[in-house]
Protein chains: 2
Amino acid sequence: MKKRFHKEIFDRIPEERRKNLLETAIHEFAHHGFDNANINTIAEKAGISVGSIYKYFDTKKDLFLTCVHHGVETLEQVLNEVLVSREPLLVKLEKIIRLIQEHSRSQRHLIMLYNEITAESNSELTWELAAEMETISARVYSSLVEQAQKEGIISGEYSPRLFSFFLDNLFMMLQFSYACDYYRERFKIYAGEDILEKDELVVEQLMKFIKASFNP
Amino acid sequence: MKKRFHKEIFDRIPEERRKNLLETAIHEFAHHGFDNANINTIAEKAGISVGSIYKYFDTKKDLFLTCVHHGVETLEQVLNEVLVSREPLLVKLEKIIRLIQEHSRSQRHLIMLYNEITAESNSELTWELAAEMETISARVYSSLVEQAQKEGIISGEYSPRLFSFFLDNLFMMLQFSYACDYYRERFKIYAGEDILEKDELVVEQLMKFIKASFNP
DNA sequence: AAGGTATGAGTGAGCGGTCACTCATACAAC
DNA sequence: GTTGTATGAGTGACCGCTCACTCATACCTT
């Protein structure tokens, strides 16, 4: 995660101004998508001029990428804390589920942004950014699973890579199901109108599901 | 699925012309997204005039919705054949996985289109359409699971609705992982560059995963 | 300290390009 | 002639981006 898409001047402006612009932009991109988000509106809402934005970023896309980058870093940070800790696998997984629930609410627009980019075709730069994140979590999950297999917690019949893939699929969908409009509706259709308030039930049921899958 | 977003005249034009326009439009929307797909380009590629398109549809959105509607119907049809058949649950599930693999390749742009709409915020019409689809599969899955619980195949400790939600999450992600660019890359990162050619392995591993989850 | 000067961040009206949509015209069928 | 359909150049709204200008601040010079 070394890439930078902003001009140097963006680093030098007051913290407050920088943070404000980023938050506004993330909000707009998350709610309207890349194309429908309007630079002029972002400028207005952030209380700065369009000119300034173009002093900080070469293009609209660069502003967008900086937002994504910011989001990726934030998510990664949160996840890593749990993954790196010295706790049993099942405890870690449960913590991740709870983190997803919490994070999807407090940083909802970041996850919407993330969902956004999974749909966007042919924007290689955007992928690259996100691919970096996926690579990291893929490696961490896979090694966790391998470790668990050695300890006999997870059956050796599994390909550790596919197993972590399935796991992460469940987590990713859960994230979207709390944060993104479409997936929220779908979540409610499946599990009832009030499912978004039944966090404990979801944790319990998903843990049961995952735990059972360990040993066919 | 009764809604119609096209004018009556669209029903009256030659089959060939109608099919051609729909396919072209689906292709364009799937590859460029709703906003970046260009009506003028669609007209050109389909070999008809812009004017005609606006004789058949009131707005760009209506053309889009007709495409989505078409996709949803196609997917639904394929899925239902399996779900309604009189076979053991595990056989059904395995068939679904194989269908996903096949369908994601032959109708790739339909699934890209589906992915597309999950990302689009606040477009009530789009939801409605897809919600209808989700509702049907949610009901079918849930009743399958309940049935299996009665037969003692799936543990009674599960909420049937959440269990089918998790199942469908796995299927949905699998679909995207075969069809959509971003998810394909992610799939490869997790499971290796050649995973898209290892269909049998995926079936076997996913079935193991699902089957194990039945009984905690 | 006062006056002179240089710097560069900040501004927003406006340019230019794109694209959804219209409409005057042409054509065909009867 | 009338009705139904097809056409694509044209229109205008919209929006990313530019650029000529402002002005606060910092740094001289005397």
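In what follows, chains are A, B, ... by sequence order, proteins preceding strands, each numbered from 1.
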Pairwise side-chain contact, A/Tyr183 with B/Met172, heavy-atom cut-off 4.5 Å (strictly under)
yes
How about A/Tyr178 and A/Phe187: are their ring centroids closer than 6.0 Å?
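Yes - the distance between ring centres of A/Tyr178 and A/Phe187 falls below the 6.0 Å cut-off.
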Do the ring planes of [X] and [Y] sit parallel (below 30°), tilted (30 to 60°) or perpendicular (above 60°)?
| X | Y | value |
| --- | --- | --- |
| A/Tyr114 | B/Tyr182 | perpendicular |
| B/Phe57 | B/Phe10 | tilted |
| A/Phe29 | A/Phe34 | parallel |
| A/Tyr158 | A/Phe163 | tilted |

Is the shortest side-chain N/O distance from [X] to OP1 or OP2 of [N] below 4.0 Å?
| X | N | result |
| --- | --- | --- |
| A/Tyr56 | C/dA9 | no |
| B/Ser52 | D/dT7 | yes |
| A/Arg17 | C/dA9 | no |
| A/Arg12 | C/dG8 | no |

Could you tell me how far apart [X] ([atom1]) and [N] ([atom2]) are, to the nearest whole angstrom?
| X | N | atom1 | atom2 | value |
| --- | --- | --- | --- | --- |
| B/Ile53 | C/dA20 | CD1 | P | 10 Å |
| B/Phe64 | C/dA20 | CZ | C1' | 16 Å |
| B/Asp35 | D/dC15 | CG | P | 11 Å |
| A/Phe57 | D/dC17 | CZ | P | 13 Å |
| A/His32 | D/dC15 | NE2 | P | 11 Å |
| B/Glu44 | D/dT7 | CD | C1' | 14 Å |
| A/Lys61 | D/dC17 | NZ | P | 11 Å |
| B/Lys60 | C/dC19 | NZ | C1' | 8 Å |

Let me see the working for B/Ser213 and A/Ser213 under side chain to side chain donor-acceptor pair (under 3.5 Å), right down to the final yes or no.
CA-CA 4 Å; B/Ser213 70; A/Ser213 70; over 6 Å; no
Output a table of nitrogen or oxygen pairs between the protein and nucleotides 21-24 of chain D separated by less than 3.5 Å.
none

Taking N or O atoms only and anything under 3.5 Å, show me the protein contacts with nucleotides 10-14 of chain D, one pair per line.
none

With A/Asp11, which of A/Arg4, A/Arg17, A/Arg18 fulfils salt bridge (Lys or Arg N to Asp or Glu O under 4.0 Å)?
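Testing each of A/Arg4, A/Arg17, A/Arg18 against A/Asp11, the sole residue satisfying salt bridge (Lys or Arg N to Asp or Glu O under 4.0 Å) is A/Arg4.
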Distance-only donor-acceptor check, side chains B/Asn36 and A/Asp35, under 3.5 Å
yes
